[in-house]
Every structure is written in C-alpha cells, then in structure tokens.
Protein chains: 4
Amino acid sequence: MSQTTERRVRQAAIELFATRGFHGTGIRDLAEAAGLSSATLYHYMGTKEDLLVSIMRGSLERLITAAQRVTSDASDPLDRISRLVALHVFTHASQQLETRVVDGEIRALSDARRPEIISLRDAYEALWQSAIDDGCTRGQLRPSSRRVARLALLEMCSGISRWYSPDGPFTLDDLARRYVEMALGLLGAADPLPELKLEPVQEVVAVVWGD
Amino acid sequence: MSQTTERRVRQAAIELFATRGFHGTGIRDLAEAAGLSSATLYHYMGTKEDLLVSIMRGSLERLITAAQRVTSDASDPLDRISRLVALHVFTHASQQLETRVVDGEIRALSDARRPEIISLRDAYEALWQSAIDDGCTRGQLRPSSRRVARLALLEMCSGISRWYSPDGPFTLDDLARRYVEMALGLLGAADPLPELKLEPVQEVVAVVWGD
Amino acid sequence: MSQTTERRVRQAAIELFATRGFHGTGIRDLAEAAGLSSATLYHYMGTKEDLLVSIMRGSLERLITAAQRVTSDASDPLDRISRLVALHVFTHASQQLETRVVDGEIRALSDARRPEIISLRDAYEALWQSAIDDGCTRGQLRPSSRRVARLALLEMCSGISRWYSPDGPFTLDDLARRYVEMALGLLGAADPLPELKLEPVQEVVAVVWGD
Amino acid sequence: MSQTTERRVRQAAIELFATRGFHGTGIRDLAEAAGLSSATLYHYMGTKEDLLVSIMRGSLERLITAAQRVTSDASDPLDRISRLVALHVFTHASQQLETRVVDGEIRALSDARRPEIISLRDAYEALWQSAIDDGCTRGQLRPSSRRVARLALLEMCSGISRWYSPDGPFTLDDLARRYVEMALGLLGAADPLPELKLEPVQEVVAVVWGD
DNA sequence: CATGAATGAGCCTTCATTCAT
DNA sequence: GATGAATGAAGGCTCATTCAT
C-alpha cells in the first residue's frame with residue numbers, strides 16, 4: 001500500500017472536509033482531489049466515515065501526547081496554561097485544516113463512532129481544566145467560573161483555525177505570545193505575565209508533528 | 001400562506017441545520033420535522049438554500065439592529081464593548097440554534113449567495129472593531145493587536161452557542177457579566193471593571209426579538 | 001399510490017426474479033420492465049429485498065389459505081393428499097413465475113428476513129406431512145419413509161413451475177390428474193385411485209387467486 | 001500450475017455458487033474462500049463464467065459417462081430405470097453442491113455458453129426418456145404421459161441435492177432403494193419391485209468419481 | 001506464482017425539485 | 001393549500017477484470 005498515495009488521500013480529505021464539511025464532500029470530489037478514481041480510493045480507506053475517524057483520532061492523539069509532554073515538566077499552573085495555549089495556537093494555526101475537521105465535524109459521526117472521539121477530546125480538555133483549577137487553588141487565577149473559563153478559553157484559542165492565514169502579519173511565535181497574554185487576562189491572572197519561553201513547546205511540536 | 005406553518009418550517013430548519021448541518025439535512029427530514037410532505041414544503045420556501053439564506057439574513061439583521069441600538073447611547077468605548085458582549089451572549093445563548101447556523105454554515109452557501117451574508121457579518125463585526133479601536137485610542141485597552149483581539153473576542157463569545165444549555169447553573173445575566181469580565185481581561189483593560197448595567201441591553205433584546 | 005402501477009412493479013419483479021434470479025436482477029432492469037425511472041420505483045416499494053419478501057409472503061399466504069380450505073372438508077387422507085397435489089399443480093403451473101421465486105430465492109434473503117418466510121413455508125409443508133402421516137396411520141399409504149416421501153413428493157410437484165408451458169399439450173386439469181396419479185403411486189397407495197373431483201379445488205383457487 | 005490450488009478454487013466456487021448462487025457470489029468471496037488474492041485467482045481460471053461452465057461441464061460429463069456405463073449391460077427397462085435412479089440419488093446426495101449448481105445456475109449462463117450445457121443436460125435426460133419409453137412399450141410401465149413422467153421423476157430425484165444431509169438417518173444405499181421404489185410407483189410399474197442390486201451402480205460411481 | 005494497485009462500469013438508494021391534480 | 005407521482009442527478013460503495021512488478 002503505497003504510503004504516499006495514502007497520504008495524498010488523507011490530505012485531500014482533510015482539505016475537503018475542512019472547507020466543505022464531511023457531508024458536503026463527495027467520494028468523487030475526494031478521488032479527484034487525490035488524483036485517483038473513486039474505486040481506487042477504497043484501496044486506501046474503509047468507508048468515508050472511517051477516513052474521518054482516522055483523521056480525528058490521529059489529530060487528537062498527537063495533541064494529547066504533545067499536551068502531556070509540554071506540561072509534564074511545568075509545575076507552575078500559569079506556566080502550564082501558557083504552554084497549553086501556545087501549543088494549541090501552534091497546532092491550530094499550522095494544522096489549521098485538520099483541527100477544523102476535528103472541532104467541526106464531530107456531529108457528522110455516527111452514534112457508533114462518536115464516543116471514541118468524544119472521549120479523546122474530553123481527555124485533552126481535562127488537561128486544561130486541571131491547569132485552570134490548580135491556578136485557582138493557588139490564587140494565581142480569579143476567573144468568575146472555572147468551567148466557563150475553560151470553555152471560553154478553548155473557544156477563543158480554537159477559533160484561530162477558522163481565520164488564521166500564513167500570509168498574515170504575525171509569526172506563529174507572535175501569535176502564541178499574544179494569545180497567552182489574552183488568555184491570562186481572560187482568566188484574571190493576578191500577577192503580570194512572567195517571561196514566556198516558547199522553546200519547550202516548539203521542541204515538543206517538532207517531535208510530535210515532525211516526520 | 002399560514003404564518004404558523006411557515007414558522008414551523010423555519011423552526012424545523014433551524015433545529016436541523018444547527019444539529020446536522022445544511023448538507024446533513026435532507027428535504028425529507030425537514031418536511032417530517034415540520035409535519036408536512038416534502039412537496040408542501042415548497043409552498044413555504046424557495047429552495048433549500050433560500051431557506052438557509054433567509055434564516056441567516058434574519059438573524060444577522062436583528063443582531064445588527066440590536067447592536068446599533070445598544071451602542072448608540074453609549075459614548076464610552078468600554079461601555080460599548082461591554083454592551084456588545086452582553087448582547088452577543090444573550091443572543092448566542094437564547095437563540096443558540098439560529099446563531100450556530102449563522103456562524104457555522106456560511107461555507108454551505110453558493111458563491112452567488114455568500115457575499116450578501118458575509119457583508120452582513122462584516123457589518124456586525126465592524127461595530128466591535130470600532131469599539132475596540134476607540135478603546136485603544138483612548139488608552140483604556142491595551143491589546144497586543146487590535147484585529148487579533150477582535151477575532152479572539154468574537155470566537156470566545158460565539159462559542160457560547162456551541163455549549164450553552166438552559167439547564168446549566170448560570171442565568172443569562174450571570175453569564176453575560178462573566179463574559180464581560182473575561183472580555184475586558186482579554187483586551188487588557190487598564191481600569192477595573194466599572195459597574196455593568198444590563199437593563200439597556202435587555203430592553204433592546206426584548207424589542208428586537210420579542211414578538 | 002396508483003394501484004395499477006404498484007402491480008406493474010410487482011409483476012415486473014416476479015418475472016425478472018423468476019428468470020434471472022434476485023441477484024441477477026438490477027434495479028434498473030426492474031424499473032425498465034415496469035416502465036418507470038429507477039427513482040420512481042421507490043415510491044412503490046421499500047428496498048429490493050422488501051419487494052422480494054412481499055412477493056414471497058403474499059404467495060405463501062395465499063397458498064396456505066387455499067390449502068387449509070381445500071382440506072378442511074376432506075376427512076379421507078387420500079382425498080386430502082389428492083387435493084393438495086391438485087392445488088399445488090394448479091398454482092405452480094398458473095402462477096409459475098411467482099412460485100419459482102418463492103421456491104428458488106429463499107437463499108437470497110438476508111438473515112433478518114429469512115425466518116419469516118421459512119416459517120410460512122414450513123407451515124405449508126406441515127399440511128402435507130400431516131396428510132401423509134394420516135394416510136400411513138390408516139394403512140392407506142406405504143411409503144418407505146414418511147419424511148422422505150414428503151420431500152420427494154413436494155419436489156416432484158414443485159418442479160412443474162420449472163418446465164410448465166401453457167402452450168403444452170395438457171390442460172391444467174389433465175396435469176393435475178396425472179400428478180395425483182403419480183403422487184399416489186409414489187406414496188405406495190394400497191388401493192387404486194378413487195375418482196378424483198377437481199371442482200372443490202378449482203373453487204378455492206378461483207376464490208383465493210381471483211380478483 | 002499447482003493442481004491442489006486449482007482444486008481449492010474449484011471447490012470454493014462449487015460451495016459458494018451452490019449456497020449463494022452465481023450472481024450472489026463475488027470474486028472476492030471466491031478468493032477469500034480459496035485463500036488467495038482476487039488477482040491470483042485469475043491464474044487458475046478464466047472469467048467467473050468460465051469457472052461456472054467448467055464446473056457444469058465436468059459434472060454433466062461424469063454423469064453421462066456413468067449413466068451410459070450403468071445402463072449398458074442392462075437390457076431390462078425396469079432395471080435401467082432403477083439403476084439410473086440409484087445413480088442419480090448417489091450423485092445428487094454425495095455431490096450435493098456440485099449438482100445444485102448444475103441444476104440451478106443454468107440461467108446465469110450467457111447466451112453464448114448456455115447451449116453447450118443445455119445439450120449435455122439433454123443428452124443425460126434422453127437416457128432416462130429412452131428407458132421410460134422402452135418400459136412403456138414393453139408394457140412394464142403405465143405412466144399417464146411419458147414426457148411428464150420423465151420430468152416429474154427427474155425433479156423428484158434431483159430434489160435430493162436440495163435437502164440431503166449426511167447427518168440424516170439414511171445411508172445412501174437406503175435412500176437409493178427408497179427412491180427406486182417411489183420411482184417405480186410414480187411410473188405405474190405393473191409388477192412388484194424386483195430385487196435391486198446396487199453393486200453395479202456403486203462400482204461405476206467409484207470409477208467415475210474416484211480419484 | 002503471487003499480488004498490490006488500478007479502473008470503468010455498475011450496484012442500490014437518496015437527493016432536491018417539479019407539477020398535475 | 002396540499003400532496004402523490006415523477007425524475008435526472010448524485011450519493012457511497014462494490015463489481016469483475018487487468019497489469020506491472
């Protein structure tokens with residue numbers, strides 16, 4: 001099974017699912033975008049839904065792995081939050097299409113396949129909640145509601161994949177720093193922003209997403 | 001043309017487009033949800049896309065009207081921002097399905113119909129940008145980037161329609177106040193939050209969305 | 001739902017399923033034979049399998065009803081057997097295509113639908129077995145095995161639908177008499193064939209299959 | 001070309017064609033049942049239809065050969081009939097799947113290939129007709145119609161392949177004797193059944209089907 | 001020998017839409 | 001108003017077959 005062809009299929013699916021939605025993407029669109037006949041497509045995937053699930057699972061598993069690594073050596077809650085935000089910004093900008101699929105097409109999953117993906121997403125969001133909770137416990141954060149804060153923060157950060165363009169005026173580092181700043185403001189951080197080191201996050205990103 | 005039937009069709013469309021997406025909703029689903037035959041449906045709508053456009057236009061026009069009214073008698077940028085956030089929260093929570101359609105199904109529009117909706121959305125967002133810009137000019141806000149701040153803020157606020165449940169622990173007023181607080185933090189408001197009066201916003205909402 | 005069109009669909013299905021088999025018949029063949037587009041077909045049927053099941057069920061239910069009526073007023077086992085054979089011959093010749101479908105396409109049914117049809121078929125065959133058993137008990141029949149006799153007899157009689165042609169040299173009455181004769185020989189009937197009256201069978205056939 | 005692999009393919013085809021029908025059997029099913037890839041399958045067969053034809057031809061040729069041998073040294077028509085019935089029973093029970101394919105899938109043949117198989121089948125049935133006719137001429141049989149008798153008799157005997165199970169209560173010898181008995185009854189044999197010797201039939205079967 | 005890769009044609013079914021009644 | 005009937009186009013997927021390796 002030619003690995004490059006499989007990648008082409010996957011990449012085509014990510015692009016089309018992201019821009020037209022799962023239900024808005026036909027098998028024939030997919031085949032054309034991948035440069036194959038629609039019959040050949042089925043050498044590289046199971047059903048259309050299998051392909052969607054595989055994209056989502058892969059994306060979320062990488063994200064969870066990266067989030068765990070990036071926070072494992074950070075004891076300070078503010079530091080953990082900052083790293084999570086930076087990681088999220090990096091991935092939602094540079095893997096813009098993939099993350100849009102993950103965030104936006106969960107409803108297209110059948111009842112049989114949805115739970116798996118939902119639980120991966122929940123596992124990821126639990127890492128954020130835990131960091132926020134710790135920050136509150138230590139008095140470093142003062143959000144009006146911990147849960148609402150998590151939801152608002154995640155929506156704010158995920159939104160990047162919906163508008164980011166590599167042609168824009170900001171580097172990813174720029175963007176990450178700005179989002180960390182906004183995040184801490186949003187969370188009612190008591191102290192001014194400490195100096196943010198992006199290197200640890202960049203390293204993890206390089207390892208997890210690099211080939 | 002019975003108005004209640006037309007509303008039933010509209011309501012069914014809002015519910016289905018919001019939960020399954022435009023492409024995931026069939027004409028037969030729509031007809032069944034509205035209690036009509038699929039042929040009868042066409043007495044109350046043009047094409048499926050016409051129905052989508054009409055929902056989006058109606059929603060955005062009401063939103064723009066409300067935003068203009070709510071900010072027309074507020075000269076202080078912080079006040080305008082706060083009112084916009086409160087209004088946005090009110091509508092994205094209480095008109096959750098409708099706003100989800102507006103925010104999420106723009107990509108389903110044909111090239112011919114998209115510009116109209118996009119320009120309505122842009123008009124609405126321009127009111128936010130203007131308030132943010134004014135706040136910066138007056139030195140009341142210090143976001144790292146005015147444009148990024150608008151995008152981040154709007155994503156944060158719109159996210160409510162994706163998770164809000166009326167069974168949750170917060171009243172709409174609660175939620176609005178919390179979001180205003182987070183918004184000002186996100187924007188780097190220099191001064192502490194002044195007392196927020198929700199009455200003007202509530203009045204406008206009652207007028208614009210009341211029947 | 002135009003009843004004549006529905007009948008045309010049914011008739012087309014019977015003809016095609018009988019001559020090409022269920023799996024050898026395409027939806028497009030069906031549509032063409034019924035004079036419809038393949039989409040319109042679906043106004044008059046559920047799935048292709050639904051159509052098959054409905055044909056089989058209808059055919060078997062009529063057969064069971066007729067068999068019960070034809071034997072209800074015959075106490076003599078030989079008489080019952082003779083009537084069953086005559087009825088079977090009548091239907092398998094005049095409803096040749098339909099019975100061929102019932103007898104030959106059971107294997108095409110999915111596991112979910114097969115049991116219903118199988119139990120109808122079993123109910124019908126039980127009427128035969130009971131008549132044979134009674135004949136043996138009374139000493140009128142001497143087959144070497146009751147069960148094998150039933151199987152052999154039914155196969156012999158059902159075979160008619162596979163070769164009968166209305167252009168052949170025999171009338172249905174002729175054929176029925178000959179088969180009754182062969183059946184009693186096959187079953188080892190002790191006494192010579194009593195005079196066979198076909199009228200009761202013909203009446204039942206007229207009622208059950210007449211419109 | 002490994003002969004055992006070829007046999008595996010053939011055996012898989014016989015099993016699947018018999019249980020699902022020719023049109024109900026896919027090339028992939030065939031490949032899987034034979035433990036090959038679908039491409040490799042084509043080293044051992046021509047087209048799917050070639051495989052069907054080859055199975056049918058082989059089966060019918062063996063049957064004709066055996067029928068000729070078994071009747072060649074029997075001058076008495078009743079003896080010939082009895083031997084033909086016994087042979088038919090033996091083969092339709094022990095080669096149940098193969099004979100089911102021969103009897104049931106002729107309609108799946110294309111117009112180009114059907115005549116060959118039909119003429120083989122006709123040659124075989126002619127042997128039966130000839131024996132029946134001779135029996136009638138000599139006054140040993142009194143069927144009401146010679147042709148109908150042949151058709152009824154063959155259907156009765158062929159039916160065995162549709163219900164026989166080696167787990168059943170009868171040995172093949174048993175079954176053969178019972179069928180001969182029923183056959184003579186069906187044909188209106190004037191005299192009681194003479195002693196039936198199965199040995200000549202068994203010998204021919206051993207030679208023709210033995211490996 | 002064996003098979004991954006490939007495909008045009010076809011599978012059954014549903015799509016959004018129209019129209020005569 | 002309302003709907004049965006109708007359809008061309010398209011939906012996702014599988015078909016039997018070929019061929020380079």
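Letters go in sequence order (proteins before strands), and every chain restarts at 1. Excluded from the calculations below are hydrogen atoms, water molecules and symmetry mates; all remaining heavy atoms, backbone and side chain alike, are included.
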Next on the checklist: Taking the basic N atoms (NZ, or NE/NH1/NH2) and the acidic carboxylate oxygens, is any pair closer than 4.0 Å for A/Asp29 and A/Arg20?
Outcome noted: yes
Item to check | Distance in angstrom units between B/Leu51 CG and E/dA16 C1', rounded | outcome: 13 Å
Checklist entry - Which one is paired to E/dC15, where only Watson-Crick or G-U wobble pairs with both distances under 3.5 angstrom count? => result F/dG8
Checklist entry - So among A/Arg121, A/Arg162, A/His92, which one has a side-chain hydrogen bond (donor to acceptor under 3.5 Å, both in side chains) with A/Asp103? => result A/His92
Checklist entry - Under a 4.5 Å cut-off applied to non-hydrogen side-chain atoms, are C/Tyr42 and C/Thr47 in contact? => result no
Checklist outcome for this item: Residues in residues 5-13 of chain C with a heavy atom under 4.0 Å of DNA chain E, by number, are none
Checklist entry - Nearest-Å distance, CG (D/Leu30) to C1' (E/dT3)? => result 17 Å
Next on the checklist: Between C1' on F/dA16 and CG on D/Leu16, what's the gap in Å once rounded to a whole number?
Outcome noted: 16 Å
Item to check | Residues A/Glu98 and A/Arg62 bridged, charged N to O under 4.0 Å | outcome: yes
Next on the checklist: In this structure, how many angstroms lie between the P atom of F/dC13 and the CG atom of A/Leu52, rounded?
Outcome noted: 12 Å
Checklist outcome for this item: Taken to the nearest whole Å, CD/B/Glu32 to C1'/E/dC15 is 16 Å
Checklist entry - How many Å lie between CG on D/Leu41 and P on E/dG4, as a whole number? => result 14 Å
Item to check | Presence of salt bridge, B/Glu15 and B/Arg100, under 4.0 angstrom | outcome: no
Item to check | Atom pair distance, as rounded to whole Å: NE2 in B/His43 and P in E/dA20 | outcome: 13 Å
Next on the checklist: Rounding to an integer number of Å, can you tell me how far C/Met45 CE sits from F/dA6 P?
Outcome noted: 14 Å
Checklist entry - Would you call C/Arg113 and C/Asp50 a salt bridge, using N to O less than 4.0 angstrom? => result yes
Provide a list of protein-nucleic acid N or O atom pairs under 3.5 angstrom, restricted to nucleotides 8-12 of chain F.
{"unit_1": "F/dG12", "atom_1": "OP1", "unit_2": "A/Thr25", "atom_2": "O", "d": "3.2"}
{"unit_1": "F/dG12", "atom_1": "OP1", "unit_2": "A/Lys48", "atom_2": "NZ", "d": "2.8"}
{"unit_1": "F/dG12", "atom_1": "OP2", "unit_2": "A/Ile27", "atom_2": "N", "d": "2.7"}
{"unit_1": "F/dG12", "atom_1": "N7", "unit_2": "A/Arg28", "atom_2": "NH1", "d": "3.0"}
{"unit_1": "F/dG12", "atom_1": "O6", "unit_2": "A/Arg28", "atom_2": "NH2", "d": "3.1"}

Checklist outcome for this item: Correct closest heavy-atom pair for A/Met56 and A/Val101 would be CE-O, 3.4 Å
Checklist entry - Would a 4.5 Å heavy-atom cut-off, applied to side chains only, mark D/Tyr44 and D/Arg8 as touching? => result no
Checklist entry - If you measure from the Lys or Arg side-chain nitrogens to the Asp or Glu carboxylate oxygens, is any gap between D/Arg114 and D/Glu105 under 4.0 Å? => result no
Item to check | Watson-Crick or G-U wobble mate for E/dG10, both contacts under 3.5 Å | outcome: F/dC13
